[in-house]
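Letters A, B, ... mirror the listed sequences (proteins, then strands); counts begin at 1.
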Number of protein chains: 2
Amino acid sequence: MKHSNAIEPVSDRLLHAAVEVFAEYGFRDATVRDICSRANVNVASVNYYFRSKESLYTQVLAFSFREANRLYPQDAFLEKNIPSEQRLTLFIRNFLNKLMDDSHLGLHSKLITREIADPTKALDDILKVEIVPQINLLEEIIQPIIGIKADKLTIQRCLLGIYGQCLMFKHSRSIIDRLYPELIADHSAIETCAEHIAQFSIAALTQIAHQQEKSTS
Amino acid sequence: MKHSNAIEPVSDRLLHAAVEVFAEYGFRDATVRDICSRANVNVASVNYYFRSKESLYTQVLAFSFREANRLYPQDAFLEKNIPSEQRLTLFIRNFLNKLMDDSHLGLHSKLITREIADPTKALDDILKVEIVPQINLLEEIIQPIIGIKADKLTIQRCLLGIYGQCLMFKHSRSIIDRLYPELIADHSAIETCAEHIAQFSIAALTQIAHQQEKSTS
DNA sequence: AATCGATTAAAACAACTGTTTAATACGATC
DNA sequence: GATCGTATTAAACAGTTGTTTTAATCGATT
C-alpha cells in the first residue's frame with residue numbers, strides 16, 4: 001500500500017525532505033529516521049535509493065546549488081558594458097537576496113553556509129564548482145573600481161570584506177534576530193541592507209584607489 | 001591510584017579538556033568520553049563534578065569569555081581622548097587578533113563563533129553579558145565618525161558591516177585556508193588585514209557622513 | 001585501628017545512531 | 001495465472017551516546 005502523497009517518486013521526496021533536515025540540523029546532527037519520516041517512507045529507503053547518508057548529503061548539496069542558481073541567476077551583472085559600480089550593486093543585491101531567502105527553496109543557502117562554517121568532505125567540490133567562479137566574477141567586477149595598480153593581496157582583502165558584510169547576515173543571523181530584527185524585517189529592508197553594503201564598499205574601494213594612485217605617483 | 005599528572009584538580013582538567021573538545025566539535029558532536037579521556041579521568045566524572053554535559057558546556061563558555069577578555073583586554077581603546085579613527089583601528093585589531101588567536105587559549109573564539117553560528121540555550125546569556133557591551137562600545141566609537149545626524153538603522157548596518165569583515169576570517173576560515181592562505185600566514189599578515197579593515201571602514205564611514213550632510217542641508 | 005565522607009572505577013543502562021537483513025507486496029512480462 | 005525483478009516493510013544489527021549504579025579506594029578524624 002503506497003502512501004497518500006505518492007505522486008512524487010520516493011527518491012525525490014527523500015531529496016526534498018533531506019534538504020530540510022540537513023539545513024536545519026547539519027549533516028552530523030540530521031538523522032536518517034527524521035528524513036524518512038518527513039518523506040513518509042521506510043527507514044531503509046535512504047540506503048536503498050542513495051547508497052548512504054553521506055552520499056545523500058552530497059546529492060542534496062549539488063541539488064541545492066542548482067536550485068539556488070536557478071532562482072537567483074547571475075545574468076544581470078554579467079554584462080560588461082554597464083558601469084562597474086552598478087554591477088557591484090547588482091551582485092551584492094543578488095547575493096544577499098539569495099542568502100536571506102527564507103522560502104522553501106531558500107534552505108539551500110543555509111546548507112551552504114553550514115558547510116562553510118563546519119566543513120565535511122563535500123566542501124572541496126563545492127569550492128571548485130560553485131564558490132571559486134563566483135569569487136572570480138566579483139574580482140572581475142571590483143578590479144576596475146580599485147584600479148589596475150592594486151596589490152593582489154589588497155584585492156583579496158577587499159573581496160573578503162565584501163563577502164564578510166553579506167555573510168554576516170547569514171552566519172550571525174542568530175544575533176541579528178535578537179538585536180536588530182528591523183534590519184531584516186521584510187524584503188525591502190533586506191534590499192536596503194544590500195544597497196548599504198554596496199555604497200559602503202564602493203566608497204571604500206574608490207578611497208583605496210585614490211591612495212594607490214598617490215603612493216605610486 | 002591517581003593518574004600521572006595529578007597536580008591539577010580533576011574538575012579543572014575536565015574544564016580545560018572540555019574547552020578543546022567543544023571548540024573542535026561543537027556541543028552536539030563533542031562526546032563526554034572524549035573529554036574524559038583527554039583529561040585522564042573516568043567517564044562518570046563529568047556527571048559527578050558538573051551536573052551534566054550541558055552544564056559543563058555552559059561553564060566552559062563562561063570560562064572562555066573570561067579568558068578571552070583577560071588575554072585581549074579592551075583597555076587601549078576605552079580612552080575617549082584619542083581620535084575616533086584610531087580608536088576604531090585599535091578595536092578592530094584587538095578583535096581580529098582575538099578571533100585569529102590559534103594558541104591554546106585561542107580556542108575560546110572558536111567556541112563563541114560556533115555558538116553564534118549554531119546557537120544552543122546558552123546564547124542568550126552570552127549576548128547579554130558579552131556581546132551587547134562590545135557592540136555598544138563599537139557604536140560609541142563609530143558614532144563620531146559617521147556624524148550625529150546618522151540614522152539609527154544606518155549605524156546598525158555599519159556596525160554589522162565592520163563585524164562582518166572581521167568575522168569573515170573566522171566563519172569562513174575553511175575557505176580562506178584553501179584560497180588565500182597568505183592573508184593569514186602569520187601574525188603580521190593578520191595585523192595587515194586588521195589595518196585594511198580599519199581603513200576600508202573609515203573610508204566608507206566618512207563617505208556616508210558626507211552624504212548625510214548633503215541630504216540634510 | 002575503625003569509621004566516615006568524598007572520590008574514583010568499572011560496568012551496565014536505556015536511548016539513539018546508520019545500516020543490513022530477510023520477508024513480503026507489487027506490477028509488468030511471458 | 002505463474003514468474004521475475006523491483007519496491008517496500010518490519011525487524012534486527014552493531015555501535016555510540018549521556019547518564020546511572022554499585023562497588024572499591026582513598027584520606028582524614030575519632
Please set out all donor-acceptor pairs under 3.5 angstrom arising from side-chain atoms of residues 128-135 of chain B, sequence neighbours excluded.
residue: E130(B); atom: OE1; partner: N69(B); partner atom: ND2; Å: 3.0

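- The side-chain contact (heavy atoms from CB on, under 4.5 Å) test applied to A18(A) returns F22(A), I35(A), L56(A), V60(A), not counting sequence neighbours.
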Summary of protein contacts for nucleotides 13-20 of chain D, nucleotide by nucleotide, where a base hit scores B, a sugar-phosphate-only hit scores S (4.0 Å, heavy atoms): ----BBBB

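- Within the nucleic acid shown, F50(A) has no heavy atom closer than 4.0 Å to any nucleic acid atom.
- By the 4.5 Å heavy-atom criterion applied to side chains, L160(A) and R157(A) are not counted as neighbours.
- Salt-bridge check for D34(A) with R38(A): passed, with a basic side-chain N closer than 4.0 Å to an acidic carboxylate O.
- For the pair H108(B)/F63(B), a side-chain contact is recorded, criterion being any heavy-atom separation below 4.5 Å from C-beta on.
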